[in-house]
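Along the sequence shown, the residues carry numbers beginning at 1.
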Amino acid sequence: MVENPVPGMWQVKGGRHGIRSTSEWGTERRSAPVLLEALAEQRPILVYDTEKDVEGKERQVLNPTETAAAQEKANQLQERFAEWVWEDPERARTLVDGYNRRFACIALRDYTSAADYLTFPGLAANTITLRPHQRAAVARMVAEPSVGLFHEVGAGKTAEMVCGAMEMRRMGLINKPVVSVPNHMLEQFSREWLQLYPNAKILTASSQDVTRDRRRAFVARAAANEWDAIIMTHSAFERVPLRVDTEREYRDRQLDGLRAALEGADKDDRISVKRMQRALTMAEERLKKLADKPRDSGINFEDTGIDYVIVDEAHLFKNLATPSNIRDAAITGSERASDLHMKLEYLRSTGRKRIVTAATATPISNSITEAYVMQRYLRPDLFYAAGIGESFDAWAATFGETVTQMEMSPTGASFRMKTRFAKFQNVPEMLRMWSTFADVKAAEDLKLPVPDIRIRDDGNRAPLTRGVAPSSELVAFVKTLGERAEMIASGSVDPREDNMLSVTSDGRKAALDMRLIVSDDPSGPTKVDVAADMIFRTWENTRDTEYLDTVTGEPSPIKGAMQLVFSDLSTPNKERWNVYEELRTQLIYRGMPAEGIRFIHEARNDLEKGRLFAAARAGHISVLLGSTERMGVGTNVQARAIALYHLDCPWRPSDIAQREGRILRQGNQNEEVAIVRLVTERSFDSYMWQGVERKAKFISQVMRGRLDVREIEEIDSASLTAAEAKAISSGNPLLLDQANLQSEVTRLRRLERAHQNNERMLEYTRSQAVQDAARAADDIEGIRAAIPNMIDTTAEKFRITIQGRFYDSRSDAGHALMGWARQANMQYAGRHQVQDYGVIGRIGGFDISCELVPEMAGDVLVRTSLHGVPRGSFTVTRDSFLQGGVGLIQRIENRMAALPKLLTEAEQDLARAEQTRQDAEQRLGQPFKHALALSAAEADLEKVEKKIAVMQRQTPEEPTPEPERVSASPPRPELTVEAVRAYQPRGGVRSEPDQQRPHTPAAAPSAFDPMPLRPSGLQIGR
């Protein structure tokens, strides 16, 4: 029996000790019901052994063999279940009806035509002309309870939010909306609101406006006036809390489902009750922890009169508490995200028809699981309508397929089981729910007036990848990384001394610049050198380009384009060497003015950042360097941006989108721009860029997925593996192919063994079924022969003979049977031997026989039978038999009366055994369905191994020449882990001209050659 008391929690009741449970569909350590329950709840299937350490303390150690065996059986259960659900026509009809009711009933609406009726009274006509996608977005905000404006960076989401709020308020749909914006965008957002609606009445609040001593005044102003909008920073929005009672109601609603399930649980099922109690306690503690924060008495969100929420850059709230059995998917939760969710749930509880608009270009920044969080904010009602509830595991079971695989832990100390999404299924249904509230617009959909990416040599308009040759120091260091990875994989190094996380971090730093690892100057051009050459040439070619003033719209007297440089692995620091200072120094040495090279880190607050951005737009800055975090969201400096450089690769695709959204943006006056990815060859750069691009393609598939695609493969975002590190360090990608193929061959061979085991199980099942059928046939023959001999003993017709004496009273017969047992010394019989007493009486035309049989637990049972009648026996304990009584006599009588029923059961057993035999014979001998895949994988592995062997034979061992040195210098230190850890980069700004490092231009021209400029006249971009 399978029960689902609350979404995400399942109970499977069934036999846990039979062959089918522990051999065919499970293992001795994990029976079939246990596996099925784990599968339903998305829990990883793990088998641990209990061991004692040297101190005698018990610890759990993963048993890889038993775990692999249990996972194979779980996979078989999944496959069989997928077949079983459709085998019964009635069950199939029920499923189809449920599917149509929950998923097929959603019809997506196109708001393009509805937008034509919007007139936007009060909108400054000379300021902006809304594009079709913006008008449709406003129409969606007016019509839908909650909306996600998931538009490309620079698509005009600010105007959509402003116009949507003003239109809804004009129509009386909302009264007082609040807009929560990133901290540094308060001034810019407020200014653009008034540019669009000059007569709008807005109230702005930064975190300083809602400090403890000023919060009461702000709430009073918000409540006492009819504002078109209240614009607050994210920090300020969080500082206006809900009432304690409201938060308590929120927590109660979150726990209602668990409490109701606990109330309705079978109290005799102690395991299920304990599981529910534990889940309820954990949920209560989690919610209580998030709610425990200081608050002002009498200053509450409810008092402001706010009835609608607009969230800009909503991806900053993605860390909403999400409990899950999938460890890598569970989110502990942040106070900011929980505060937003509580306020949205409060608005829903008041019966509001319209709740929230969330805007972001990257709703899914790194994993598809973020789509669940976004829908939980915007349309949780769709979860309930689909029968999922707000359980992430139920959502994951509906739309995802997880796999649990064994891999080395990042520390390299042990193996771990990694549970991740293998693919997403039921994609049309997931996207149909997603598209109900999500207004997704990619760059190709919008055709925005943004600059084109400059055409590459291959004819494509795409970012240019500029390879940088590795220095001899980098090649040597990357080789040591491969050796470190091998030592970690073999377990020959303490994880506290070295692990794969350290290898990855050191590899990324070395790919950027070896001076982040060791102090010696590199022996050849580095990524910083190449970037400086490209930036300087672009500056020379565009220093006289004229642009329009972004304020007046007139030609600006200040000439020259601007370039953006991103690096996350280094930060400016006057005390130690860093990429920022080095790049600025090299640009100055090449002839660029120092005052035109600025760092985003110079802006210490929102006001200074605004001034820096204004200077960039006005042409006072030629090169602006920064990190994704500081120079990503809200950085509007695109007016003169001519080129963007990635010095390193971030982890998330959303970071790439935010970086490149700074230049591919409306308002950029250049017709073409360059985006350059600087990649050091034979380093970790290629691995990073390839991984991010794979994830970006996957996210794009979901964001813009077609409704006719049922499955999408997930991209694993796991960290660098030892095999990948070895492939990078050797410069031979075949090593990575070899590792992947070995893993695939191992997986397929495991499946082949499982197939062979299943064949043996089918042989056993067939043999057992033949024996069961023969026994059932014999029983049928015997029972049929016995039934005509039955004599009615009901009511007054009762007659029985015990030890030759006749009785017509059941009570007297019971005493007589008890007396016989004691005379036969049954109470003294041994516990471990069978004793047959033969025929002891007769009833209804049948002899009664009796025998003692020992039980495994040590007790003794008494088997009483209708002699010669198949299935005519029953068993009681010896103590029960010795007590005798009417009950024992009635059991003998009932056994005789049940012969027609026993005949029916025997006939059913025969039919069942015959069906089992036929099923087994039908399935026996079927080929291994992955045989061709296994053969192909083995052949591919053999080919790769032969290629690697040939390459190893052809590669001579060449001695590394000692580089010539101009002057004597101390020997380079050995690149040990300790040396790398102890190294602190030295100060890197060379202020003396005679300390200038010689600049050696590349022999060949750069792959990036800035666009040719018009020879004369006013040169203005778009």
Within this structure, what is the CD-CG distance for the pair Glu249 and Leu242, rounded to the nearest 0.5 Å? 10.0 Å
Which value, rounded to the nearest 0.5 Å, describes the distance between Met161 atom CE and Met166 atom CE? 14.5 Å
Starting from the C-alpha separation in whole Å, work towards a yes-or-no answer on side chain to side chain contact (heavy atoms under 4.5 Å, CB included) for Leu123 and Ile128. CA-CA 8 Å; Leu123 179 65; Ile128 185 175; 4.1 Å; yes
If you take the centroid of each ring, where Trp contributes its six-membered ring, are Phe383 and Tyr372 closer together than 6.0 Å? yes
Ring centre gap for Trp434 and Phe150 strictly below 6.0 Å: yes
If you take all heavy atoms of Val138 and Cys163, which pair is closest and at what distance? CG2-CB, 3.9 Å
I need the Arg135 CZ to Leu130 CG distance, nearest 0.5 Å. 6.5 Å
Would you indicate whether the side-chain heavy atoms of Ile202 and Leu194 approach each other to under 4.5 Å? yes
List the atom of Leu347, the atom of Asp307, and the distance in Å for their closest heavy-atom pair. CD2-CA, 4.0 Å
Closest approach of Ala139 and Leu118, non-hydrogen atoms and distance? N-CD1, 3.8 Å
Might you work through the side chain to side chain contact (heavy atoms under 4.5 Å, CB included) test for Phe218 and Ile230, ending with a clear yes or no? CA-CA 11 Å; Phe218 166 77; Ile230 300 172; 3.9 Å; yes
Got a salt bridge between Asp303 and Arg243, using NZ or NE/NH1/NH2 to carboxylate O under 4.0 Å? yes
Does either side chain, that of Tyr377 or that of Ser146, offer a donor lying less than 3.5 Å from an acceptor on the other one? no
Compare all side-chain heavy atoms of Gln188 with those of Asn636 and state whether any distance is below 4.5 angstrom. yes
Between CG of Leu612 and NE2 of His601, what distance do you get to the nearest 0.5 Å? 11.5 Å
Student check: side-chain heavy atoms of Val373 and Phe392 closer than 4.5 Å: no
Mark yes or no for whether Arg354, through its side chain, and Val142, through its backbone, hold a donor-acceptor pair below 3.5 Å. yes
Crowding at NZ, Lys201 (>12 non-hydrogen neighbours, <6.0 Å): yes
Go through the side-chain N and O atoms of Thr628 and Asp568 and say whether any donor and acceptor fall under 3.5 Å apart. yes
Between Thr304 and Phe301 (side chain of the first, backbone of the second, donor and acceptor by atom type, cut-off under 3.5 Å), is there such a pair? yes
Side-chain H-bond candidate by donor/acceptor type, Glu247 with Tyr346, under 3.5 Å: no
Taking the side chain as C-beta and beyond, is there a heavy-atom pair between Pro380 and Glu345 under 4.5 Å? yes
Are Phe317 and His234 an aromatic pair, judged by ring center distance below 6.0 Å? yes
Can you name the closest pair of heavy atoms from Val153 and Ala361 and give their distance? CG2-CB, 3.4 Å
Got a salt bridge between Arg170 and Glu167, using NZ or NE/NH1/NH2 to carboxylate O under 4.0 Å? yes
Quick test of your reading of the model: are Arg169 and Glu226 salt-bridged, counting only N-O distances below 4.0 Å? yes
Whether the side chain of Lys441 engages the backbone of Gln134 through a donor-acceptor N/O pair (distance < 3.5 Å, no angle test) should be reported. no
Should the pair Lys343 and Phe237 be classed as cation-pi, given the thresholds of under 6.0 Å to the six-membered ring centre and 45° from the axis? yes
Does any N or O in the side chain of Asn225 come within less than 3.5 Å of the main-chain N or O of Trp227, such that one atom is a donor and the other an acceptor? no
Keeping to residues at least two apart or across chains, list the salt bridge (charged side-chain N to carboxylate O under 4.0 Å, His left out) pairs with something in residues 142-153. Glu144-Arg379
Evaluation steps, side chain to side chain contact (heavy atoms under 4.5 Å, CB included), between Thr362 and Arg652: CA-CA 10 Å; Thr362 53; Arg652 301 176 302 181; over 6 Å; no
Is there a side-chain contact between Val692 and Pro650 in this structure, where contact means two heavy atoms from C-beta onward sitting under 4.5 Å apart? no
Atom pair CD/CD of Glu629 and Gln658 - distance to nearest 0.5 Å: 12.0 Å
What verdict does the side-chain hydrogen bond (donor to acceptor under 3.5 Å, both in side chains) test give for Asp439 and His151, after you've listed the backbone C-alpha separation in whole Å, the side-chain angles of each residue and the deciding distance to 0.1 Å? CA-CA 7 Å; Asp439 190 21; His151 296 182; 3.0 Å; yes
Would you find a donor on one side and an acceptor on the other, under 3.5 Å apart, between the side chain of Thr436 and the backbone of Arg432? yes
For the atom pair CG (Leu186) and CZ (Arg191), what is the distance rounded to the nearest 0.5 Å? 11.0 Å
Heavy-atom distance under 4.5 Å between the side chains of Tyr308 and Arg352, does that happen here? no
Note: Arg336-Asp339 ion pair, threshold 4.0 Å (strictly below): no
Where do Ala165 and Trp193 come nearest, in terms of heavy atoms and distance? CB-CH2, 3.8 Å
Under 6.0 Å from the CZ atom of Arg348, do we count more than 12 heavy atoms belonging to anything else shown? yes
Heavy-atom nearest pair, Pro121 first then Tyr197, reads O-CE2, 3.5 Å
